[in-house]
Protein chains: 2
Amino acid sequence: MTLTTFRENVELIDTSSLVDKVEANLVKLLQERKLKVGDAIPKELELSETLGVSRTVIREALIRLRVIGLIETKKKKGAVITSPDVFSILSKSMNPYILDQDTLREMFEIRLALEIGMADFIFQRIRPSDIVELRRIVESEPIVTEDQIFNIEHEIAFHGKLYEITGNENMKKFQKMLLPIFDYVHNSGLLKKTVNVKKFVSHKGIVDVIENGSPELLRNAMRNHLESHFERIFEK
Amino acid sequence: MTLTTFRENVELIDTSSLVDKVEANLVKLLQERKLKVGDAIPKELELSETLGVSRTVIREALIRLRVIGLIETKKKKGAVITSPDVFSILSKSMNPYILDQDTLREMFEIRLALEIGMADFIFQRIRPSDIVELRRIVESEPIVTEDQIFNIEHEIAFHGKLYEITGNENMKKFQKMLLPIFDYVHNSGLLKKTVNVKKFVSHKGIVDVIENGSPELLRNAMRNHLESHFERIFEK
DNA sequence: AATTGTATTATGTATGACATTATAAAGGTA
DNA sequence: TACCTTTATAATGTCATACATAATACAATT
């Protein structure tokens, strides 16, 4: 029997640990809708007895579920199913010193795509007070010097406000999750090339488009505003 | 002293558990760059002795780090720092039966924004063979019937290919992560309204724009293509 | 009725033992 | 020497038991 035919005929042995099995077991209960949000799951000792494994194993499985936000545990109360806070979970692993360069760049790209693509949501959900706030932010914009292309805090304030206007909490959390990366990217010199500031749409320009334009115009304006970032990403 | 002034003057006591502290401790080592990818971290027993807590506590902290992808552990070898696979981590918690309606809608919105905003990356990185593949996918497109507005598998194939063309692995993982949601959204009747198919840009139209157009045109085409989704989101 | 004390219960932590397995070392054969 | 096999070893994985801690419910007290 050749190796190939062997591989086709033999069935993979299960290398998963007990914890893996218990975890899968519990997750399956969720998939099959035996359990839904708010439901309590059995106590550790009950699970231990029911499933025939030690409490140690049960605990590790529960810890895993807790880390990914599927359950919450409290002393004396036990654990209940929860609706996970998707992007907040990621924040912890969003450590720029740990993520490799490719991932950092890709996350940055995702940000660019999102900010261009969110135009429709901005127009759909913006309120007059938002315009006022945007104007206020723009007015307090620090002067652009040669050394410092832009002030990061101000950037975050402005773009953060845009995320907020979308009314999409998760989108905003996504931005928040990326903040440490921005900070890093701008401090690390990764993208620190002198940039052609001229002819790019300014923050003020963006606000004007939001006030008097259309989603389509906003996408183009935003694309132009972000041009320097695109340039640096694409030039290599 | 009033309650208000009391609250202002008293400092919050630390309610974090031992595991919380150990975890924070280890993460801090990463932040301060004492540890970087590939580095091994001390054995459980060493940590236990060094930090003066039981192995149980150490193990739970390590489990947490493992779940969020910061370390990998192997028998006999111990644990090493790894660069987390950001979006894949989320896949587990991306359970449509657990996520609440708002989150589901918001994730769907993020998808729409991304697909519109990714135009530049598609143009920047597309290769001739990609066009061929897109054409092939479009040609095998099933006939649109009244009952079934579109074939989900085909949708995934086409849009998945677009994600792939962006050359952004994480963006692709993001799409993959959302698949169970699409499936759910389309099966659950959540968005199942009859839709005006006429005058919308088809998949074929998208490919034409990719071949002969520009990022700007692609954004508009994609926005139009996704119009039915936007309609259903915005109408309520 | 509202507050304070008390018992209970489930999770959190500690300890010690053994199981499992991937690596490294030792040994044997060509 | 080089390669394969066996054996030892060191780390994580699992088990069992005990106790600590904290949140709840309920009783007691004012």
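In this text, all values refer to a predicted model and were calculated from it rather than measured experimentally. Just so we're on the same page: letters track the sequence lines, and every chain starts at 1.
Taking the centre of each ring, Phe234(B) and Phe121(A) come in below the 6.0 Å mark.
For Lys75(B) and Glu44(B), the salt-bridge test fails: no basic side-chain N is under 4.0 Å from an acidic carboxylate O. For the pair Arg111(B) and Glu115(B), the salt-bridge criterion is met [side-chain N within less than 4.0 Å of a carboxylate O]. Under a 4.0 Å N-O distance rule, the pair Arg64(A)/Asp20(A) qualifies as a salt bridge.
In terms of phosphate contacts, Thr15(B) brings no side-chain nitrogen or oxygen within less than 4.0 Å of OP1 or OP2 of dT21(D).
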What string of B, S and - do you get for nucleotides 13-22 of chain C, 5' to 3', if B is base contact, S is sugar-phosphate-only contact and - is no contact with any protein heavy atom under 4.0 Å? BBB-B--BSB

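Atom C1' of nucleotide dG12(C) and atom CD1 of Ile58(A) are separated by 16 Å, given to the nearest angstrom. Distance CG (Leu62(B)) to P (dA11(D)): 14 Å, rounded to an integer number of Å. One interatomic measurement links the two molecules: CD of Glu49(A) to P of dA16(D), which rounds to 11 Å at whole-angstrom precision. Going from atom CD of Glu72(A) over to atom C1' of dT11(C) covers 15 Å, rounded to whole Å. Atom CD of Glu44(A) and atom C1' of dC15(D) are 15 Å apart (whole Å).
Thr73(B) and Arg66(B) are linked by a side-chain donor-acceptor pair at a separation below 3.5 angstrom, with hydrogens and angles left out of the test.
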Residues Glu155(A), His203(A); criterion side-chain hydrogen bond (donor to acceptor under 3.5 Å, both in side chains); working and verdict: CA-CA 9 Å; Glu155(A) 276 290 306; His203(A) 284 169; 3.1 Å; yes

